[in-house]
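Lettering follows sequence order; numbering is per chain, from 1.
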Amino acid sequence: MRLSDYFLPTLKEAPREAEIVSHRLMLRAGMIKQQAAGIYSWLPLGLKVMRKVEQIVREEQNRAGAVEVLMPTIQSADLWRESGRYDDYGKEMLRIEDRHERPMLFGPTNEEMITDIFRSYVRSYKDLPLNLYHIQWKFRDEVRPRFGVMRGREFLMKDAYSFDIDEASSRAAYYRMFVSYLRTFDRLGVTAIPMRADTGPIGGDLSHEFLILADTGESEVFCHANMLSRAVPGSDVDYSNDALIAGIVEDWTSGYARTDEMHDNELWQEVAEDDRVQARGIEVGHIFHFGTKYSEPMGAKVAGPDGKDVPVQMGSYGIGPSRVVAALIEASHDDAGIIWPASVAPFDVSLINLRQGDEATDAACVTLHGDLMTSGLDVLYDDTDNRAGGKFALADLIGVPWQLIVGPRGLKEGKVELKNRASGEREEISMESARNVLETWRVDMRARYGG
RNA sequence: CGGGGCAUGGCGCAGUCUGGUAGCGCACCUGGUUUGGGACCAGGGGGUCGCAAGUUCGAAUCUUGCUGCCCCGACCA
């Protein structure tokens, strides 16, 4: 992509209202535009990153056996009356009326609707287990939206719902999602720690929040140091092996890891002092089992092996891709801008032409641009006639993994400069070597994060 | 929902106290000189000063009401 053909409205100074670093950087890098409190347009660069996040989430859901559907954003109030939540949900639910004065609502979540889909079609335990998910915009009329897309009113959420005949198989379904979340966040290039969460009235141990550590996180977290470096299951993990999956969850939940809400000081004291990590975290995922909370009142029943109907056991599993984008920035940036994990970077390479209009430099850039694209690399070619400093600043700001810098001075020696955004390392090498380094990186990256 | 703050070209701000018809930096347009870490010179375009009433000869400025947005706290993917 040539920058001169792209739409990348960057800002030198962030608007005053943006306080936290991810919000400031998203505005400055031209990723989002605020339209109202907690409501944003996604501009090309931001959309590109969010789509990559979404795709990784999707692939890992599919791998774990979940099946994608798409439910509407607008729902009828009737369904919510069945579960009793139409009255319970309160002002956070955006209620609207259609032209026939029928009460509708903009969905804050989809338990009711998915339960309705399930009960419409599934009659037998033989069709279980079943896990349906979708990735759709939600609206929650937060009292105080803040921090940009981190706590917006409108946000994108992947929500999966599992259906099982009994508690044991529901637990297995929960564990599969647990493991798929480990893999998802690993592929997103970030360490997300599962933490025991409040299960509410259902009780039990089946609710976890996944938190990314970042100084600006909203929750205080306490965990054992070894939670930060545990090996994540590979893409070949066998989701059909319940014992194996349970073992992974067992391993990941054996160490102490809790948010301030669930913190237990007595247990905390049992952790060796050197192993205690106290930090701040951003909640990016939440999974829980809720049994028959919706299936019972809504009549989602299936026939068991004995021919008798039983209400189905359910769980739900959420990840907010729009929030994840901001959380990744919170977790990875420096004074100059964003430092994207390779797997979600909007481009792989910023190709910087230091002297637009110079015949040899232009030609070298066009050649490199074509070659890199042929190698499967996504390149943003800065072909504008801005000065070098401005181009460097822009490349640093948008944070793509590599900067390939081409100018007449280097070209005289047959050299270009390759800079790694994360490490800051740079080297002057031949065009051929630069292509090789980038090609090798792409292959490694695909192997590491490609799933 | 309690507490605090802000609203003036696209962005950042000054001007408001003490009323006299709007200014600076960046960005943008034209021309020229430049070009390896956010250039320089010259010229230029763009603002019903959040909205509505009121006071006044005259309101960005004073008064009243409203709206929007942000921050802190209680709640949430």
Side-chain angles (χ1 to χ4, degrees), chain A residues 9-20 23-24 27-28 30 33-39 53 57 89-93 107-111 133 135-160 181 192 197-198 200 207-212 218-219 259 261 281-288 316-327 336-337 352-358 361 382 384-397 403 405-413 415-417 419 424 426 428:
Chain A
T10 55
L11 300 171
K12 244 183 198 173
E13 295 172 279
R16 181 182 37 183
E17 65 266 15
E19 203 82 349
I20 66 165
H23 191 195
R24 296 178 62 84
L27 290 168
R28 286 192 49 213
K33 167 168 169 44
Q34 180 168 11
Q35 304 291 173
I39 299 177
V53 170
V57 169
Y89 219 95
K91 291 187 128 178
E92 222 172 274
M93 182 153 76
T109 176
N110 288 67
E111 279 86 1
Y133 75 98
I135 301 174
Q136 178 63 289
W137 293 92
K138 306 293 189 288
F139 195 93
R140 292 184 191 171
D141 202 356
E142 297 268 351
V143 196
R144 176 149 111 81
R146 64 187 119 168
F147 306 147
V149 297
M150 189 86 84
R151 177 168 305 287
R153 290 193 291 173
E154 189 185 50
F155 59 98
L156 188 64
M157 182 159 85
K158 183 285 299 180
D159 38 327
Y181 274 35
D198 192 358
S207 181
H208 289 87
E209 295 176 344
F210 288 74
L211 288 103
I212 291 176
E218 291 186 83
S219 328
T259 63
E261 284 174 357
I282 301 165
E283 185 186 345
V284 285
H286 196 165
I287 61 179
F288 44 94
S316 79
Y317 315 90
I319 291 181
S322 50
R323 172 184 283 189
V324 165
V325 173
I352 297 175
N353 186 336
L354 291 177
R355 187 81 61 88
Q356 193 71 35
D358 176 87
T361 313
D382 191 341
T384 62
D385 52 13
N386 292 326
R387 300 171 68 80
K391 294 192 176 193
F392 291 135
L394 174 69
D396 283 346
L397 174 63
Q403 293 169 22
I405 300 154
V406 182
R409 213 164 71 193
L411 281 180
K412 272 186 201 143
E413 331 250 304
K415 297 282 175 76
V416 292
E417 186 178 331
K419 176 183 165 185
R426 59 184 81 199
E428 298 225 348

If we take the C1' atom in both B:C40 and B:U35, what is their distance in whole Å? 12 Å
Which nucleotide in the list B:C71, B:A77, B:A74 gets nearest to the side chain of A:R140? B:A77
Do the ring centers of A:F288 and A:H286 come within less than 6.0 Å of each other? yes
Rounded off to whole Å, could you give me the NE2-to-P distance for the A:H286 and B:C75 pair? 15 Å
Whole-angstrom distance between B:U21 and B:C29, as gauged at atom C1': 28 Å
Restricting to nitrogen or oxygen on both sides, can you table the protein-nucleotides 67-69 of chain B pairs closer than 3.5 Å?
| unit_1 | atom_1 | unit_2 | atom_2 | d |
| --- | --- | --- | --- | --- |
| B:C69 | OP1 | A:A37 | N | 2.7 |
| B:C69 | O3' | A:Q34 | NE2 | 3.3 |

Could you tell me whether the phosphate oxygens of B:C71, OP1 or OP2, come under 4.0 Å of any side-chain nitrogen or oxygen in A:R144? yes
A:R153: partners by side chain to side chain donor-acceptor pair (under 3.5 Å), with sequence neighbours left out: A:D141
Letter by letter from the 5' end, nucleotides 29-47 of chain B scores (B base, S sugar-phosphate only, - none; protein heavy atoms under 4.0 Å) -----BSBBBB--------
Those residues at least two apart in sequence (or on a different chain) that pass side-chain contact (heavy atoms from CB on, under 4.5 Å) with A:K138 are A:N110, A:H134, A:Q136, A:F155, A:M157, A:D159
Among residues at least two apart in sequence or on other chains, which ones pass salt bridge (charged side-chain N to carboxylate O under 4.0 Å, His left out) with A:K158? none
Kindly write out the residues that satisfy side-chain contact (heavy atoms from CB on, under 4.5 Å) with A:E17, not counting sequence neighbours, or none if the list is empty. A:P15, A:Q34
